[in-house]
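For reference, the structure is listed below as structure tokens.
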Amino acid sequence: MTEKKLFVPESISPPLLKAARTLRCQQTDAERLLWSCLRRRQLGGFRFRRQHPIERYVLDFYCCEAKLAIELDGGQHNEPEGKERDKERTAWLGSKGISVIRFWNNEVVSDRDGVLEQIYEELRRRLPPPSQPPPAGGRSKLTPA
């Protein structure tokens with residue numbers, strides 16, 4: 001009999017936890033749109049968390065099972081300081097075994113299906129889809145028939 005691993009949250013500093021809670025209430029349009037597609041295991045049965053705090057960062061979206069972070073970037077990420085911070089953040093997350101996929105906010109808004117396909121393909125490369133019955137009223141998005 002295989003033992004099921006339980007998610008045991010690490011201790012999160014109160015300021016980081018507060019920042020995550022604030023960010024959940026102040027989502028961008030792109031974050032709101034992508035969350036509407038990722039929540040409730042809609043993308044192939046994979047579970048995502050939004051504004052997930054991890055040690056020193058708050059990840060926009062995170063799939064614990066695949067150790068995959070999805071980051072949505074606005075224009076400030078195209079500035080030299082933003083690029084450097086993103087590079088450091090990605091390297092730090094990589095040292096923890098977490099891969100990062102980045103999308104521009106306007107990419108999510110203008111090509112949502114393309115963004116979802118890229119996320120799903122990365123999830124499929126990392127893990128097989130979880131087995132679960134489809135939600136009431138229909139099949140999950142991108143769940144094989």
Side-chain angles (χ1 to χ4, degrees), residues 1-10 12 16-17 19-145:
M1 183 173 195
T2 59
E3 213 174 294
K4 186 174 182 175
K5 289 184 180 181
L6 295 176
F7 174 74
V8 179
E10 296 178 18
I12 305 297
L16 190 63
L17 191 56
R21 288 178 176 152
T22 299
L23 288 168
R24 281 186 206 115
C25 295
Q26 298 174 350
Q27 293 181 89
T28 65
D29 290 341
E31 288 171 337
R32 196 174 297 108
L33 178 62
L34 188 57
W35 180 238
S36 73
C37 299
L38 296 178
R39 65 189 295 192
R40 296 187 187 131
R41 298 182 186 264
Q42 292 180 83
L43 187 63
F46 292 98
R47 183 171 188 265
F48 280 87
R49 298 169 180 269
R50 70 182 164 125
Q51 303 305 337
H52 178 71
I54 183 164
E55 288 190 46
R56 50 196 263 203
Y57 296 109
V58 178
L59 307 177
D60 290 339
F61 302 99
Y62 182 58
C63 178
C64 297
E65 297 84 2
K67 295 191 97 171
L68 179 65
I70 311 298
E71 292 292 306
L72 303 186
D73 297 339
Q76 72 276 15
H77 292 267
N78 211 19
E79 301 294 323
E81 302 83 26
K83 287 180 179 181
E84 187 57 34
R85 278 193 306 271
D86 289 345
K87 183 178 173 184
E88 290 172 13
R89 177 184 176 114
T90 298
W92 185 87
L93 290 167
S95 76
K96 301 292 184 187
I98 299 170
S99 293
V100 178
I101 302 178
R102 294 185 169 281
F103 298 99
W104 294 107
N105 285 336
N106 65 336
E107 234 181 318
V108 173
V109 173
S110 66
D111 186 20
R112 181 192 63 185
D113 290 342
V115 167
L116 290 171
E117 293 253 349
Q118 289 179 57
I119 295 169
Y120 185 67
E121 288 307 313
E122 183 60 29
L123 289 165
R124 293 283 309 261
R125 274 193 287 278
R126 300 178 72 75
L127 293 171
S131 61
Q132 69 164 40
R139 291 185 15 232
S140 296
K141 288 182 175 95
L142 297 176
T143 300

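Computed from a prediction, not measured in an experiment: that's the story for all the values here.
Distance alone, capped at 3.5 Å, is enough to place a donor-acceptor pair between the R24 side chain and the R50 backbone. Remark: the backbone N or O of T28 is paired with a side-chain donor or acceptor of E31 at under 3.5 angstrom. Put simply, the side chain of S36 gets close to the backbone of L33: a donor and an acceptor are under 3.5 Å apart. E107 places a side-chain N or O within donor-acceptor distance of the main-chain N or O of W104, the cut-off being under 3.5 Å. Without hydrogens or angle criteria, R47 side chain to C64 main chain gives no donor-acceptor distance under 3.5 Å.
To the nearest 0.5 Å, atoms SG (C63) and CG (L127) are separated by 6.5 Å. Annotation: the span from I98 atom CD1 to L59 atom CG amounts to 6.0 Å, rounded to 0.5 Å. Atom CG of L17 sits about 12.5 Å away from atom CD of Q51, to the nearest 0.5 Å. Atom CD of Q118 is separated from atom CG of L123 by 12.0 Å, given to the nearest 0.5 angstrom. To the nearest 0.5 angstrom, L34 atom CG is 8.0 Å from F48 atom CZ. Distance check: N105 CG to D60 CG gives 8.5 Å after rounding to the nearest 0.5 Å.
Heavy atoms only, all atoms of each residue included: A30 and V108 are closest at O-CG1, 3.6 Å. Closest non-hydrogen pair, I119 versus I101, comes out as CA-CD1, 4.4 Å. Minimum heavy-atom separation, R112 to C37: CD-SG, 3.4 Å. Closest of all the heavy-atom pairs between R49 and H52 is CD-ND1, 3.3 Å.
Proximity of Y62 to I70: side-chain heavy atoms (C-beta onward) are nowhere separated by under 4.5 Å. Residues L116 and L38 are in side-chain contact: their nearest non-hydrogen atoms beyond the backbone lie under 4.5 Å apart.
For the pair R126 and E122, the salt-bridge criterion is met [side-chain N within less than 4.0 Å of a carboxylate O].
Pairs of residues two or more places apart, or lying in two chains, that qualify as salt bridge (charged side-chain N to carboxylate O under 4.0 Å, His left out) and include a residue from residues 89-104 are E55-K96, E71-R89, D73-R102, D86-R102.
By the 30° and 60° cut-offs, the orientation of the rings of F61 relative to W35 is parallel.
When the ring-ring contact (aromatic ring centres under 6.0 Å, His included) test is applied to Y57, the partners found at least two apart in sequence or on another chain are W92.
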